[in-house]
J.: 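I'd like to ask you about the structure that follows.
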Amino acid sequence: MAGRFSPRPTRTTVRGGHVAVPGGIPRQAAAAGRVRTWVPEWPLDLGLVLGPLRRGPGDPTFRAMPDGSVWRASLTPAGPGTLRVAARGAEVRGEAWGPGAEWLLERLPELLGAADDPSVFVPRHRVVAMARHRRPGLRLTRTGLVMESLIPSVLEQKVTTDEAYRAWRLLVRKFGEPAPGPAPGHMHVMPDARTWALIPSWEWHRAGVDNKRASTILRAVRVAARMEEAVRMPPAQAQARLEVVPGIGPWTSAEVVQRSHGAADAVTVGDLHLPGIVGFALAGDRDADDSVMLELLEPYAGQRHRAARLILLSGRVPARRAPRMPRGDIGRL
């Protein structure tokens, strides 16, 4: 089938399955992709809308190009697919390759914020109003995919972003498959649920992932189909579904539905930095905790995540008072 790659060779068998050999098969000459053009009725900022889907500068599933286009490699219900999105004037052009191409193009408007309605948002603070005025292209993306946000969110639990980004990059490149089509070099589609479940314990360790986070991911991929069903639920119910899995709490579930559902009210609680940033921006309180943050965001009920995004975009953050958290690497132990 056009856009598919030959099966990758294996070097060992683990619990009856196969672990892919790093490197895989060289990329094949890409066939022409499917194309869709779309004209949004609002100013669109691709970087703002799609930025939350990027897991660090070396994310193998996401690439922002100098010409302003964005590439994404996704594992869709129809199979792996690569999507390139570019805005030229008022028109957006999406081009996709692989078995998941049609699925990706069908949902292109939602990915770029068509399901979002920022008109209902009413700023209650000057800093929020100014950020909204300066960033008219902000819309909340809706990917329609749960696991592609859940797994990297679990990797980000209780560690520095650098550690989490490194783990995601290493695991996807080693166990994923090359992105279909003429994707930029080193882009990969994340592994499917079975492949995640068959990753040996030492490979998690080499990627710097402790047993607690690895075990949470393994529990989640065993019920991956049930996790993906959550995309058809309202955000609050979807969060409850995700939190049934031990190791997934309110912080992780909120991070997921913000991306999979475009949930405008899914404010992240339990974050190390966000309460202090919100408290400082809205009340000059850099020591605010979750309860204070939620109280300050109460005027934005129904839109608290959007308000938090605008606060982060305002640049009004407290000065650092302590050194950065030291980066760990259990893979060296």
Side-chain angles (χ1 to χ4, degrees), residues 35-57 59 61-74 82-96 104-145 148-149 152 161 184 235 254-268 274 277-278 281-282 297 299-300 302-317:
V35 176
R36 176 177 181 178
T37 58
W38 175 63
V39 180
E41 298 178 357
W42 59 85
L44 177 65
D45 187 322
L46 284 179
L48 280 182
V49 176
L50 300 180
L53 304 180
R54 184 183 190 184
R55 305 290 182 159
D59 185 350
T61 70
F62 188 106
R63 195 67 52 84
M65 305 302 287
D67 63 0
S69 64
V70 172
W71 291 76
R72 291 193 70 232
S74 297
T82 302
L83 174 68
R84 178 184 183 270
V85 184
R88 294 293 180 268
E91 183 180 87
V92 174
R93 186 178 190 270
E95 189 171 6
L104 290 168
L105 291 177
E106 181 181 347
R107 288 156 181 80
L108 178 64
E110 286 191 359
L111 181 71
L112 300 180
D116 185 30
D117 184 11
S119 66
V120 302
F121 181 77
V122 180
R124 305 290 184 180
H125 299 82
R126 178 177 175 81
V127 64
V128 177
M130 291 298 295
R132 186 189 186 195
H133 175 73
R134 292 169 180 165
R135 304 284 186 146
L138 175 64
R139 290 246 170 175
L140 301 182
T141 185
R142 177 185 172 93
T143 66
L145 298 169
E148 76 166 21
S149 293
T161 53
E255 289 288 310
V256 173
V257 299
Q258 288 167 8
R259 297 166 172 84
S260 62
H261 291 67
D265 196 47
V267 61
T268 304
L274 186 61
I277 294 173
V278 172
L282 300 187
L297 292 177
Y300 300 103
Q303 296 283 314
R304 293 177 298 174
H305 170 52
R306 190 189 312 278
R309 282 285 313 273
L310 289 169
I311 290 169
L312 291 170
L313 290 170
S314 73
R316 185 174 172 77
V317 297

J.: Measure across Arg309 and Leu48 and return the closest heavy-atom pair with its distance rounded to 0.1 Å.
T.: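 Residues Arg309 and Leu48, closest heavy atoms: NH2-O, 3.3 Å.
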J.: To the nearest 0.5 Å, how far apart are CG in Asp116 and CZ in Arg139?
T.: 5.5 Å
J.: How many angstroms lie between CG in Leu53 and CZ in Arg55, if you round to the nearest 0.5 Å?
T.: 8.0 Å
J.: State, to 0.1 Å, how close Gln258 and Ala266 come at their nearest heavy-atom pair, and which atoms those are.
T.: NE2-O, 2.6 Å
J.: For a quick check under 3.5 Å, do Glu255 and Thr268 share a side-chain donor-acceptor pair by atom type?
T.: yes
J.: Counting neighbours of CZ on Arg134 that are heavy atoms of other residues, nucleotides or ligands and sit closer than 6.0 Å, is the number greater than 12?
T.: no
J.: Quick check against the 3.5 Å criterion: does Arg142 have a side-chain atom that pairs as donor or acceptor with the backbone of Leu111?
T.: no
J.: Rounded to the nearest 0.5 Å, how far does CG of Asp67 lie from CZ of Arg84?
T.: 5.5 Å
J.: Does the side chain of Thr143 reach to within under 4.5 Å of the side chain of Glu148, using non-hydrogen atoms?
T.: yes
J.: Between Asp265 and Gly302, which heavy-atom pair has the shortest distance, and what is it?
T.: OD1-N, 2.8 Å
J.: Counting distance only, does the side-chain N/O of Arg259 pair as donor-acceptor with the main-chain N or O of Pro52 below 3.5 Å?
T.: yes
J.: Mind checking the CZ-OG1 spacing from Arg88 to Thr37? Nearest 0.5 Å is all I need.
T.: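 Nearest 0.5 Å value for the CZ-OG1 distance: 13.5 Å.
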J.: Roughly how far, to the nearest 0.5 Å, is CG of Leu140 from CZ of Arg306?
T.: 4.5 Å
J.: So how far is it from Arg93 CZ to Arg36 CZ, rounded to the nearest 0.5 Å?
T.: 13.5 Å
J.: Where does the angle between the aromatic ring planes of Phe121 and Tyr300 fall among parallel (under 30°), tilted (30 to 60°) and perpendicular (over 60°)?
T.: parallel
J.: Write down the atom of Leu112, the atom of Trp42, and the distance for their closest heavy-atom approach.
T.: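 Taking Leu112 first and Trp42 second, the nearest heavy atoms are O-CZ2, 4.0 Å.
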J.: Between Leu83 and Leu108, is the side chain to side chain contact (heavy atoms under 4.5 Å, CB included) condition met? List the steps.
T.: CA-CA 9 Å; Leu83 174 68; Leu108 178 64; 4.2 Å; yes
J.: Ignoring hydrogens, what is the shortest heavy-atom contact between Thr82 and Trp71? Give both atom names and the distance.
T.: CG2-CE3, 3.6 Å
J.: Looking at Gly68 and Leu46, what are the two nearest heavy atoms and their distance?
T.: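 Nearest pair, atom of Gly68 first, then Leu46: O-CD1, 3.7 Å.
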J.: Any heavy-atom pair between the side chains of Leu312 and Leu274 that's under 4.5 Å?
T.: yes
J.: With side chain to side chain contact (heavy atoms under 4.5 Å, CB included) as the test, would you mind laying out the steps for Asp45 and Leu138 before giving the verdict?
T.: CA-CA 7 Å; Asp45 187 322; Leu138 175 64; over 6 Å; no
